[in-house]
Number of protein chains: 2
Amino acid sequence: MTECRVKECRVKDRKTAILEAAARVIAHHGVRGLRVEELAAEAGVSKALVYYHFGDRAGLLRHTLRFIGDRAERYTGGGPPGPPGTPGPPRAPKDAALELERRLLLELRDTPEVRENSTAWGELRASAVFEPELREELARAGRQWVREIADLLGRIDPSPPDAALVGAAERLTVLLEGLSTRWLIGVLPVGHASELMRGAIAAEVEALRLREPRQACAVA
Amino acid sequence: MTECRVKECRVKDRKTAILEAAARVIAHHGVRGLRVEELAAEAGVSKALVYYHFGDRAGLLRHTLRFIGDRAERYTGGGPPGPPGTPGPPRAPKDAALELERRLLLELRDTPEVRENSTAWGELRASAVFEPELREELARAGRQWVREIADLLGRIDPSPPDAALVGAAERLTVLLEGLSTRWLIGVLPVGHASELMRGAIAAEVEALRLREPRQACAVA
DNA sequence: GTCTATAATACGATAGAC
DNA sequence: GTCTATCGTATTATAGAC
């Protein structure tokens with residue numbers, strides 16, 4: 001089904017081309033602005049082919065959500081989709097704390113790839129309020145993303161119970177989504193968003209450390 | 001222009017009726033699903049009247065955003081719009097910490113009013129990524145909301161510099177938006193969202209306290 | 001699998017009377 | 001300020017050939 005045999009991998013099957021175009025169009029005009037005709041033109045195929053492959057508009061959105069999630073999974077160099085992001089250093093697992101910060105800040109860089117992935121993901125997430133068929137995929141991606149962040153937190157400080165790690169991870173990932181949204185809206189400069197993210201990481205890590213208060217002042 | 005002279009205040013001018021209907025319709029079908037015809041029917045007026053009062057669809061959205069913000073301002077019993085919420089105890093300023101928690105959790109209650117306001121606000125916020133004319137109002141509301149939370153944080157602990165209070169407030173309000181979104185999507189039970197919010201408040205308050213590390217263990 | 005052509009209609013916006 | 005009637009077109013989706 002795919003013709004990808006040459007080094008450059010330029011020849012894609014049209015189904016994939018449609019999904020890539022969908023991500024691009026959604027990032028530029030939103031889910032509401034997604035016209036099947038425009039999408040087809042962008043992908044270089046006919047309108048009818050879109051319906052052939054995805055049934056209807058809703059099916060297209062569902063597949064696009066999954067596609068974006070999978071793409072981010074490869075891009076972040078790790079497990080999760082989530083509010084997807086983009087390339088980054090080929091994964092050098094130095095200190096867990098640094099890796100955690102790297103992972104979370106990966107989604108807050110003003111590059112075309114991050115913008116496109118994050119904008120499209122944010123749009124689809126917002127649509128999910130009214131399109132229940134998107135929820136399962138969102139929930140799945142969210143869980144995976146939380147799990148990964150929780151594991152990184154656990155590598156920084158293994159003492160807290162898993163529930164506490166997961167709670168912190170949930171807060172950090174949800175905050176990231178919120179920051180990303182504000183950034184993309186244009187009411188929050190991306191640098192400020194990163195700074196806030198760093199602050200939250202620090203606060204959460206500190207809070208995890210303070211779970212055993214006796215220990216807190218022992219060193220002092 | 002308004003006929004509101006009887007105790008029940010039931011007779012509203014049609015412009016207001018349109019805005020209320022807009023909030024309702026957006027909460028039920030999203031900005032994407034807002035059809036001017038349906039809105040008019042919901043408000044009990046003609047389609048043409050909507051255009052007369054608001055010019056076009058975009059103008060309608062702009063005014064609706066402001067309307068929802070103002071309504072939340074009254075509802076929360078305080079200053080801010082923001083990810084708007086609803087009624088609550090007629091504002092008993094007990095302890096600042098409790099007031100802070102009350103304010104933030106006000107937006108995470110599963111009542112028809114909160115759902116409607118939050119859903120509509122979330123939709124309009126998401127739309128703002130592609131409709132720049134909504135940004136100014138969103139930024140204004142966001143600043144006001146942050147200011148209020150920062151002030152409450154300052155009442156809990158006056159020692160940190162204002163920038164630190166504002167940073168914490170920004171994180172808390174952005175997190176609230178994210179939690180609200182996830183709740184409304186249906187991937188996060190409202191009780192769990194509240195729990196996460198409380199955890200974040202605790203972490204931020206603690207982090208503010210630890211800004212002067214020498215002080216931290218003095219009491220111990 | 002992929003295309004062209006077209007059906008069917010939903011939707012935003014306006015004209016003009018009252 | 002408010003209505004009814006209508007216009008023009010943008011969009012989704014399908015039919016049917018290749």
Side-chain angles (χ1 to χ4, degrees), chain A residues 1-5 10-65 67 123-124 127 130-134, chain B residues 1-5 10-65 67 123-124 127 130-134:
Chain A
M1 194 195 252
T2 313
E3 323 299 332
C4 182
R5 287 184 311 199
R10 230 175 234 306
V11 190
K12 298 162 194 140
D13 62 321
R14 314 215 203 218
K15 196 170 170 182
T16 304
I18 293 172
L19 290 170
E20 284 172 346
R24 229 174 304 139
V25 172
I26 291 174
H28 283 330
H29 305 303
V31 168
R32 178 168 201 279
L34 174 70
R35 309 292 164 219
V36 179
E37 184 146 33
E38 184 193 3
L39 161 66
E42 180 81 18
V45 303
S46 74
K47 240 188 333 178
L49 193 61
V50 177
Y51 287 100
Y52 173 77
H53 279 305
F54 303 104
D56 59 2
R57 222 187 104 97
L60 172 69
L61 296 182
R62 224 173 30 251
H63 283 86
T64 304
L65 182 64
F67 173 79
E123 266 294 289
L124 289 164
S127 308
F130 305 100
E131 314 213 34
E133 65 271 37
L134 297 178
Chain B
M1 197 195 250
T2 313
E3 324 298 334
C4 182
R5 288 185 311 201
R10 233 177 232 306
V11 191
K12 300 163 192 138
D13 62 321
R14 312 215 204 221
K15 196 170 171 181
T16 305
I18 292 172
L19 290 169
E20 285 173 347
R24 229 173 304 140
V25 172
I26 291 175
H28 282 331
H29 306 303
V31 168
R32 299 164 186 81
L34 174 69
R35 309 296 163 216
V36 179
E37 185 147 32
E38 184 194 1
L39 161 66
E42 180 80 20
V45 304
S46 72
K47 237 190 335 177
L49 193 61
V50 176
Y51 287 99
Y52 172 79
H53 279 305
F54 303 104
D56 59 3
R57 222 188 101 101
L60 172 69
L61 295 182
R62 225 174 30 251
H63 283 85
T64 304
L65 183 64
F67 174 78
E123 266 295 289
L124 288 164
S127 309
F130 304 99
E131 314 214 34
E133 66 270 38
L134 296 179

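Just so we're clear, the structure is a prediction, and the values are computed from it rather than from any experiment. Residue numbers begin at 1 in each chain, while the letters A, B, ... track the order of the sequences. All values below come from the heavy atoms of this structure, side chains included, with hydrogens, waters and symmetry mates left out.
Per the geometry, OH belonging to Y51(B) stands 10 Å off C1' belonging to dT14(C), to the nearest Å. To the nearest angstrom, C1' of dT12(D) lies 10 Å from CG of D56(A). Between the CG atom of L49(B) and the P atom of dA13(C) there is a distance of 15 Å, rounded to whole Å. Here the P atom of nucleotide dT2(D) and the NZ atom of K15(B) are 10 Å apart, to the nearest Å. Atom CD1 in I18(B) sits about 11 Å away from atom P in dG1(D), given to the nearest Å. Here dA5(D) presents its C1' atom at 20 Å from OH of Y52(B), a figure rounded to the nearest Å. As rounded to whole Å, 12 Å separates atom P of dT14(C) from atom NZ of K47(B). Rounded to an integer number of Å, the gap from NE2 of H53(B) to P of dA13(C) is 17 Å.
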| task | Give the intermediate values and the outcome of side-chain contact (heavy atoms from CB on, under 4.5 Å) for residues T64(B) and F54(B). | result | CA-CA 10 Å; T64(B) 304; F54(B) 303 104; over 6 Å; no
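Shown here for I26(A) and F130(B), the closest heavy-atom pair between the two residues is O-CZ, 3.4 Å. In this structure, F67(B) and E20(B) approach most closely via the heavy-atom pair CZ-CG, 3.4 Å. Counting all heavy atoms, side chain and backbone alike, E133(B) lies closest to A58(B) at OE2-CB, 3.5 Å.
Not a single side chain to side chain donor-acceptor pair (under 3.5 Å) links E37(B) to another residue, sequence neighbours left out. With sequence neighbours excluded, the residues satisfying side chain to side chain contact (heavy atoms under 4.5 Å, CB included) with R32(B) are V31(A), R32(A), E123(A), A126(A), S127(A), E123(B).
Checking the phosphate oxygens (OP1, OP2) of dA13(D), no side-chain nitrogen or oxygen of R57(A) falls inside 4.0 Å.
Across residues 24-38 of chain B, L34(B), R35(B), V36(B) each have a non-hydrogen atom less than 4.0 Å from an atom of DNA chain C (numbered order).
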